[in-house]
Amino acid sequence: MCTETLIDQGAEAKVFKGSFLGIPCIIKERFLKKYRHPMLDETLTHQRLVTEVRAMVRARKYGVECPALYFVDPVKHKIYMEYITGVTLDKFLNEAVTRRSVSKEHVFEGTLSTHCNKCPSKEHLTCSSLSQMAKKIGQSLAKLHNSGCIHGDITPCNILIRFPETEFENGIDAKSMELLTVYIDFGLSFMSSMAENRAVDLYVLERALKTYMKAFPVFTRVLLEEGYFPHVSQSQAVREKLVEGKKIEIKKKRNIYNTF
Ligand code: AMP
């Protein structure tokens with residue numbers, strides 16, 4: 001019998017680790033909301049599922065790393081997808097912050113044994129370059145935006161750092177390993193090529209990364225300037241919208257302070 005282990009529960013869905021035709025997989029099950037009218041609830045839940053599946057297919061078509069789709073059960077609102085061995089970017093960065101292990105060249109020499117259940121605890125995974133990772137995240141986001149898709153909820157929790165387990169198991173030098181970044185959770189995505197919507201994606205990600213700015217001041221800059229902007233179409237318009245959005249936010253904050 002196939003066992004499913006609950007690994008996460010959000011407001012919309014439960015995420016299980018299970019298997020599909022003998023392959024380890026993630027099962028994302030959207031649950032019904034009792035406070036909504038059953039017909040409306042069914043329609044909305046189904047729409048979110050379809051949105052997520054379509055966006056994942058589109059993302060892969062345009063070369064954005066995201067889990068491979070195995071099976072979709074529209075009746076039980078379940079998506080079966082590839083299980084990514086790795087950690088979320090927030091856990092990865094937290095670990096790096098805790099270990100305070102960034103050299104002058106912004107090279108991260110930290111260890112990540114605790115988060116990778118495949119790795120024996122005494123073994124250490126070493127990441128060659130944190131800025132390389134930031135650049136990749138930016139490049140992937142540019143590809144996603146160029147495909148006409150807006151993610152809608154880009155936070156470090158929705159970016160996975162994939163560990164190349166076979167290379168690790170074969171004992172290849174950890175320093176030479178490339179850690180891949182994988183986008184997940186496309187449930188709030190939508191189609192748009194408007195610079196404003198792209199800028200909102202960037203703004204959300206930048207804000208979420210602020211927590212780590214002190215430890216890794218270059219992370220966001222590299223992500224945007226070396227990863228995202230050189231590869232996205234309409235880059236100047238997106239840049240302008242991002243600056244504009246930040247100015248509005250600062251003004252709003254000032255107004256709040258002035259009312260006290
Ligand atoms: P989500 O609801 O899609 O944001 O997923 C919630 C959490 O489940 C994520 O933060 C990850 O820790 C984990 N998760 C989701 N999808 C995958 C996947 N394909 N592989 C591994 N872990 C995943």
Side-chain angles (χ1 to χ4, degrees), residues 2-33 44-61 63-74 76-96 112-119 125 133 136-137 140-141 144 149-169 178-190 201 204-205 207-209 211-212:
C2 156
T3 52
E4 293 177 6
T5 317
L6 183 71
I7 60 166
D8 193 88
Q9 172 158 5
E12 298 263 325
K14 286 180 181 170
V15 177
F16 300 90
K17 187 176 177 193
S19 72
F20 180 72
L21 300 177
I23 306 168
C25 77
I26 283 289
I27 304 155
K28 184 165 176 176
E29 181 181 10
R30 292 185 179 277
F31 44 81
L32 300 175
K33 303 261 175 69
L44 290 176
T45 308
H46 182 73
Q47 262 174 12
R48 286 271 163 88
L49 177 117
V50 172
T51 301
E52 179 149 25
V53 169
R54 279 201 181 134
M56 284 173 79
V57 172
R58 192 170 187 87
R60 280 182 81 81
K61 186 175 162 193
V64 180
E65 278 276 339
C66 70
L69 270 173
Y70 293 159
F71 181 65
V72 180
D73 185 340
K76 292 184 179 160
H77 314 290
K78 285 182 178 181
I79 304 174
Y80 292 69
M81 66 182 96
E82 178 188 6
Y83 173 75
I84 308 290
T85 308
V87 282
T88 53
L89 180 63
D90 64 324
K91 280 187 186 157
F92 188 95
L93 292 177
N94 272 330
E95 177 93 358
L112 284 164
S113 51
T114 46
H115 292 306
C116 179
N117 54 12
K118 282 268 170 193
C119 311
L125 266 172
M133 181 187 292
K136 266 194 201 149
I137 293 170
S140 287
L141 185 55
L144 186 70
C149 184
I150 304 294
H151 185 282
D153 188 22
I154 297 201
T155 63
C157 305
N158 288 333
I159 299 170
L160 296 177
I161 309 300
R162 184 206 287 266
F163 298 147
E165 47 189 315
T166 47
E167 284 183 27
F168 184 81
E169 281 161 2
E178 213 189 354
L179 299 184
L180 299 170
T181 57
V182 180
Y183 278 96
I184 57 165
D185 199 0
F186 290 82
L188 293 175
S189 66
F190 56 98
D201 253 1
V204 170
L205 181 59
R207 271 189 71 143
L209 286 170
T211 326
Y212 311 102

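For the numbers below, each heavy atom of this structure counts, side chains included, while hydrogens, waters and symmetry mates do not. Ligands are counted one by one from 1 in listed order, and the atoms in each one are counted from 1 as well. Positions are given from 1, in the same order as the sequence printed here.
A salt bridge does not link Arg60 with Glu65: none of the charged nitrogens is closer than 4.0 Å to a carboxylate oxygen. The residues Lys14 and Glu29 are annotated as not salt-bridged, no charged nitrogen and carboxylate oxygen being separated by less than 4.0 angstrom.
Figure legend: Lys28 and Phe16 shown without cation-pi pairing, the cationic atom not lying both under 6.0 angstrom from the six-membered ring centre and within 45 degrees of its axis.
Regarding atom 6 (C) of ligand 1, its nearest protein heavy-atom neighbour is Asp8 OD2, 3.4 Å. The protein heavy atom nearest to atom 18 (C) of ligand 1 is Ile26 CG1, 3.3 Å. Closest to atom 12 (O) of ligand 1 among all protein heavy atoms lies Thr88 CG2, 3.7 Å. Atom 15 (C) of ligand 1 has Ile184 CD1, 3.6 Å as its closest protein atom, hydrogens excluded (heavy atom only). In terms of protein heavy-atom proximity, atom 13 (C) of ligand 1 is nearest to Ile7 CD1, 4.1 Å.
Contacts with ligand 1 closer than 4.0 Å are made by side-chain heavy atoms of Pro67 only, the backbone lying farther away. The part of Asn158 lying near ligand 1 is the side chain, judged by heavy-atom distances below 4.0 Å.
What you find for Ile154 and Val204 is that their closest heavy atoms are O-CG1, 3.3 Å. Nearest approach of Pro74 to Leu49, heavy atoms of both residues: CA-CD2, 4.2 Å.
Each of the following atoms of ligand 1 lies closer than 4.0 Å to a heavy atom of Glu82: 18 (C), 19 (N), 20 (N). Residue contact check: Cys157 has heavy atoms under 4.0 Å from atoms 10 (O) of ligand 1. Taking a cut-off of under 4.0 Å to the non-hydrogen atoms of Val15, the atoms of ligand 1 that pass are 2 (O), 5 (O), 6 (C), 8 (O).
Taking each of Thr85, Asp185, Ile84, Asp153 in turn, the one with a heavy atom nearest to atom 20 (N) of ligand 1 proves to be Ile84.
When ring centroids are compared, Tyr80 and Tyr70 stay outside the 6.0 Å threshold.
Looking at heavy atoms from C-beta onward, Ile184 lies in side-chain contact with Pro67 at the 4.5 angstrom threshold.
Considering backbone and side-chain atoms together, Lys28 places an N or O closer than 3.5 Å to an N or O of ligand 1.
Between the side chain of Asp201 and the backbone N or O of His151 there is at least one donor-acceptor pair closer than 3.5 Å.
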